[in-house]
Amino acid sequence: MNATARRDAAAAGDDRVAAARVVLGTVPDPEIPVLSLVDLGIIRSVEVGSDGALEIGVSPTYSGCPATAVIRADIVAALAAAGFAAARVRDVLSPPWTSDWISTDGRRKLAAYGIAPPPAPVASVRALVNTEPNPACPRCGSADTELLSEFGSTPCKALHRCRACLEPFDRFKCI
Amino acid sequence: MSARADAGVTVAVPDRVRHLLRIADTSLVLAQRLGEWVGHGPAIEEDLGLANTALDLLGQARLLLAYAGELEGRGRSEDALAFLREEADFLNATLAEQPNGDFGDTIVRQFLIDAYQLELYEQLMTSADPRLAEIAAKAVKETRYHLRFSSAWLVRLGDGTAESHGRVQGSLDRLWPFTRELFDADNLDRAIAVAGIGPQLAALGAAWSARVDAVLAEAMLRRPAASPYRWYGKQGLHSEHLGYLLADLQHLQRTHAGASW
């Protein structure tokens, strides 16, 4: 392969990676379908493997999350439907996923959906001493909320209640 | 920690596998115990809390068992290791297999193990074995959350009514003797520590003690005296309870070999 052909091949690879990223941005999280896998921040890499197939690096949110297997299957199916045959999913454990990686867009979508998003990732001494403030109610916006349960309907959520509008709501756990 | 250079090669593979199984089996067996609570929790929040903790522990066990199987190189998958090993081949801490008892017993067992796993995973994050360090870095975040849950309940029960205080102190007295095993290093533990793959168990025990004592004080609970008796679950010598637990855990794969969803 001469230099020009190599450059063309690389450019084609870049195009495929960019196109695959667009597809991944349309794959919803199976538990919280308002978020795409890209919004959730679990897509760690999109690469073209030595055999020409796409290889997607994915981080689990929680080690035992039952959605992990579904996510893997959804990625392969969505890419296949978009013409990327034989895409592979690779687990990426390190560095571990953190709720800080949920995109700004993702945070907005969560709030609109009724799930209090984790606070924006800013350096805060509160995180060190474990005194994160209570989340604002995603329905009425009141800051007067309380924790009902450390664990909720999925591994990634906790259950809170608003003292102003009295509605319970989910909160995305910060890890 | 300076002894950690080039480690990992100094411990034979079967010993590294056994070390991984000790960590993995403790999580797997405890996950199975917590799973027994599903539908029986004192309130929906606690039911969810115990089930979610079980799920995290199961996830950690899967990562560790899959790695142990690969390292062993005999073609055993995570499922083969979980479902097809005999009781004596399980190397979990004896504490993990103790029956659920009442909610207080379960919370005490959980608290003691959460505090242990948190110290352990924090140390394993700098393991000379990079794959184990990765798994520990993932698990440590979940474990921190578990400890918050079990600590809060221990304080609520210990510093609650006379009834709850008396019962949870009884749970602590009964379960405490099983904690000695966690920090009593045997030859394998020592070899693993020298190679920089895992921590010195004596130092781990000191850190665990400090963490546990602080919560016990807040919970108005008395730390029981050290027990002279040792358990050896991590060497495959278990209390009577593990066999029954495995009968439940392994029943399906033993009766319908290779069954899958």
Side-chain angles (χ1 to χ4, degrees), chain A residues 30-31 41-42 44 57-73 89-102 118 121 126-132 134 146-161 168-175, chain B residues 24 27-28 30-31 34-35 37-38 41-67 78 117 121 124-125 127 129-153 156 260-261:
Chain A
E31 302 268 21
I42 61 171
R44 299 291 286 280
V58 178
S59 288
T61 50
Y62 286 78
S63 353
C65 184
T68 309
V70 179
I71 288 172
R72 240 182 253 138
V89 174
R90 184 169 52 86
D91 287 332
V92 181
L93 275 188
S94 179
W97 177 85
T98 154
S99 45
D100 288 352
W101 293 349
I102 298 176
R126 284 173 185 278
L128 286 177
V129 293
N130 216 356
T131 55
E132 290 289 338
N134 277 334
E146 63 180 341
L147 175 71
L148 284 184
S149 171
E150 299 257 25
F151 297 90
S153 53
T154 68
C156 56
K157 287 181 287 187
L159 192 62
H160 289 249
R161 175 168 54 198
F169 63 91
D170 277 331
R171 177 200 199 182
F172 214 97
K173 294 190 326 206
C174 303
I175 69 162
Chain B
S27 285
L28 177 65
L30 188 58
L34 292 178
W37 272 104
V38 173
I44 184 77
E45 289 81 5
E46 280 57 59
D47 210 286
L48 280 172
L50 296 173
N52 270 286
T53 303
L55 201 56
D56 288 341
L57 289 168
L58 185 64
Q60 296 164 13
R62 289 185 59 184
L63 293 170
L64 290 161
L65 287 176
Y67 178 34
E78 51 176 292
Q117 288 188 325
Y121 288 136
L124 289 177
M125 284 168 68
S127 170
D129 177 342
R131 175 94 171 256
L132 181 55
E134 267 185 23
I135 295 172
K138 180 75 204 157
V140 77
K141 295 176 157 200
E142 296 162 355
T143 308
R144 211 169 276 142
Y145 207 85
H146 302 163
L147 181 63
R148 202 159 87 191
F149 176 77
S150 58
S151 300
W153 265 109
R156 206 169 296 155
S260 66
W261 294 106

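Chain letters run A, B, ... following the sequence lines, proteins first, then strands; residues in each count from 1.
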Looking at chain A, which one of B:Glu142, B:Arg62, B:Arg144, B:Gln60 has the largest number of heavy-atom pairs inside 4.5 Å, strictly under?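 Top count of heavy-atom pairs under 4.5 Å with chain A: B:Glu142.
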Could you look at B:Leu58 and say if it's the side chain, the backbone, both or neither that has a heavy atom under 4.5 Å from chain A?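 Contact with chain A involves no heavy atom of B:Leu58 at all.
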Relative to chain A, which segment of B:Ile135 carries a heavy atom at a distance below 4.5 Å: side chain, backbone, both, or neither?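 Contact with chain A is through both the backbone and side chain of B:Ile135.
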Within the distance-only criterion (no hydrogens, no angle test), does the side chain of B:Lys138 pair as donor or acceptor with the backbone N or O of A:Pro60 below 3.5 angstrom?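 Side chain of B:Lys138 to backbone of A:Pro60, a donor-acceptor pair under 3.5 Å: yes, one is there.
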Please answer whether the main-chain N or O of B:Asp129 pairs with a side-chain N or O of B:Ser127 as donor and acceptor at a distance below 3.5 Å.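 Present.
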So, B:Glu46 versus A:Ser149: side-chain donor-acceptor pair below 3.5 Å or not?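 A:Ser149 and B:Glu46 do not have a side-chain donor-acceptor pair below 3.5 Å.
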Checking heavy atoms, do the side chain of A:Thr98, its backbone, both or neither come under 4.5 Å from chain B?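 Its backbone and side chain both get close to chain B.
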Cationic tip of A:Lys173 above B:Tyr145 ring, under 6.0 Å, 45° of axis: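 Yes.
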